[in-house]
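These notes concern the structure reproduced below.
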Number of protein chains: 2
Amino acid sequence: MFSKACEYGIKASIFIAINSYKGKLVSPKEIAKEIDSPQAFTAKILQDLVRHNIINSIKGAYGGFEIRKEELASIKLSQIVNAIDGDNIYNGCGLGLNNCSEEHPCPVHEKFKSIRDNLKYMLENTNLEELALDIKSGASFLKV
Amino acid sequence: MFSKACEYGIKASIFIAINSYKGKLVSPKEIAKEIDSPQAFTAKILQDLVRHNIINSIKGAYGGFEIRKEELASIKLSQIVNAIDGDNIYNGCGLGLNNCSEEHPCPVHEKFKSIRDNLKYMLENTNLEELALDIKSGASFLKV
DNA sequence: TTTAATTAGGATATTTTTATCCGATATATT
DNA sequence: AATATATCGGATAAAAATATCCTAATTAAA
Ligand code: FES
Ligand code: FES
């Protein structure tokens, strides 16, 4: 479904979100430990998310990654997925035709589109804050 | 969503299905042309589908691939997807946790499961015959 | 101003996926 | 039996995704 990079990116963002609540910066090392991902690879993904203005980095000593508190509720999963994997998963054809359209549908188009639209809707309407709160309360988990 | 191999496998199966209706065997060459895929790679995927008893091969001169007419309506998309990509797409965790479960859910579990279950239901309830008929009638397309 | 801590980013390595090539094997026809 | 035509299957190649390493740049604190 999502690439490894994207899975790490989502989980990392959630972990950063939790800590940003408390005003705490986190490092790639801490993040990789908490989400059970390769550290250097995770660091690359974090850079990517910074470039896409999804997370914020503070360079130098005592630096780290954060998400501005006021943005926590407005950052949607779709932004993270789009930044890392692009929009193919929720806009592209399920069988790889160049374009998904009603005019030139692939064999699964009719059956696939509602699923893909549900996914799109879910990604565009799920924000980091709600996901972070579930982790905080122990209702969900980032690893294992 | 699906791997390239799986996309080719689905499209190839549909094209074989259409021809098996008419009792015609098809070659990897014809298939690759009709579904716009690399021929040798497609041939490997066909072998795989044969091993999984989804399609049938007739070796030697005047041979080719077919699907037994009486099975056309009972072969489900899920069989093809499962043969090539495995069941992760419709059974695995969306964020890559080792297992998807209610007891140890990832942050997107609640929101993801209905989408994944819809996908699973769709794959398990869509058969090759109906997809082939749409191609035959010009209601859907295998390439471009 | 020096030092230590930390992100940025380029280079490289490894693994997986995608793709190609070729000889072996099977088989219907002649 | 010989021949032509296919699939089968192993070896290789190329591209993409995943992962690691090392140095540069930045910056807070001592
Ligand atoms: S054309 Fe394939 S999903 Fe729409
Ligand atoms: S645990 Fe992640 S989708 Fe169920």
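If you're wondering where the values come from, they're calculated on a predicted model, not measured in any experiment. Each chain gets a letter, A, B and so on, in the order the sequences are listed, and its residues count up from 1. Atom set for the values below is all heavy atoms of this structure, side chains included, hydrogens, waters and symmetry mates excluded.
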Could you tell me whether the side chains of A:E129 and A:Y21 share a donor-acceptor contact shorter than 3.5 Å?
-> yes
Do B:Y90 and B:V81 have side-chain heavy atoms sitting under 4.5 Å apart?
-> yes
Starting at the 5' end of DNA chain D, which residue's closest nucleotide do you reach first, A:G60 or A:A5?
-> A:A5
Taken to the nearest whole Å, CG/A:L49 to P/C:dA8 is 11 Å
Of the residues in residues 7-35 of chain B, which ones touch DNA chain C at a heavy-atom distance under 4.0 Å?
-> B:Y8
Tell me, with the steps shown, if A:E34 and A:K11 meet salt bridge (charged side-chain N to carboxylate O under 4.0 Å, His left out).
-> CA-CA 9 Å; A:E34 284 305 315; A:K11 290 190 275 193; over 6 Å; no
What does A:F41 touch in the nucleic acid at a heavy-atom separation under 4.0 angstrom: a base, only the sugar-phosphate, or nothing?
-> base
Test A:K120 against A:N91 for side chain to side chain donor-acceptor pair (under 3.5 Å), laying out the working first.
-> CA-CA 8 Å; A:K120 182 174 181 169; A:N91 282 333; 3.0 Å; yes
The single option from B:T126, B:I14, B:N82 passing side-chain contact (heavy atoms from CB on, under 4.5 Å) against B:L77 = B:T126
Quick one: A:Q39 CD to C:dA8 C1', roughly how many Å, whole number?
-> 14 Å
Over how many whole Å does the gap from B:I58 atom CD1 to C:dT27 atom C1' extend?
-> 11 Å
Rounded distance (Å) that lies between atom P of D:dA19 and atom CG of A:D36 | 11 Å
Hey, can you tell me if B:F41 and B:Y8 have their rings parallel, tilted or perpendicular (30° and 60° cut-offs)?
-> perpendicular
Tell me: NZ of A:K59 to P of C:dA4, nearest whole Å?
-> 22 Å
Do you reckon A:I84 sits in the same ILVMFWY cluster as A:L119, going by side-chain contacts under 4.5 Å, direct or chained?
-> yes
Give a yes or no on whether the backbone of A:H109 and the side-chain of A:R116 come within a donor-acceptor separation of less than 3.5 Å.
-> no
If you check the B:K4 side chain, which of C:dA19, D:dA19, C:dA8 turns out closest?
-> C:dA19
Closer to the 5' end of DNA chain C via nearest nucleotide, is it A:R51 or A:Y62?
-> A:Y62
Select one nucleotide: of D:dC8, D:dA28, C:dA8, the one nearest the side-chain heavy atoms of A:A61.
-> D:dA28
Is the phosphate of D:dC8, meaning OP1 or OP2, less than 4.0 Å from a side-chain N or O of B:S57?
-> yes
Atom-pair distance (NZ on B:K44; P on D:dA6), nearest Å = 19 Å
Audit row: A:K24, A:E66, salt bridge (charged side-chain N to carboxylate O under 4.0 Å, His left out) steps and yes/no | CA-CA 7 Å; A:K24 184 174 181 299; A:E66 64 168 2; over 6 Å; no
Can you tell me how far P of C:dT17 sits from CD1 of B:I45, to the nearest Å?
-> 13 Å
Picking from C:dA8, C:dT18, C:dA19, the nucleotide nearest the side-chain atoms of B:S3 would be C:dT18
Return the residues of residues 83-98 of chain A meeting this criterion: a heavy atom under 4.0 Å from some atom of DNA chain D. Order them by number, or give none.
-> none
Euclidean distance, atom NE2 of residue B:H52 to atom P of D:dC8 [Å, nearest integer] = 14 Å
NA contact type, B:L46, heavy-atom cut-off 4.0 Å: base, sugar-phosphate, or nothing?
-> nothing
Salt bridge (charged side-chain N to carboxylate O under 4.0 Å, His left out) between A:E30 and A:K33, intermediate numbers included | CA-CA 5 Å; A:E30 288 177 90; A:K33 192 185 165 199; over 6 Å; no
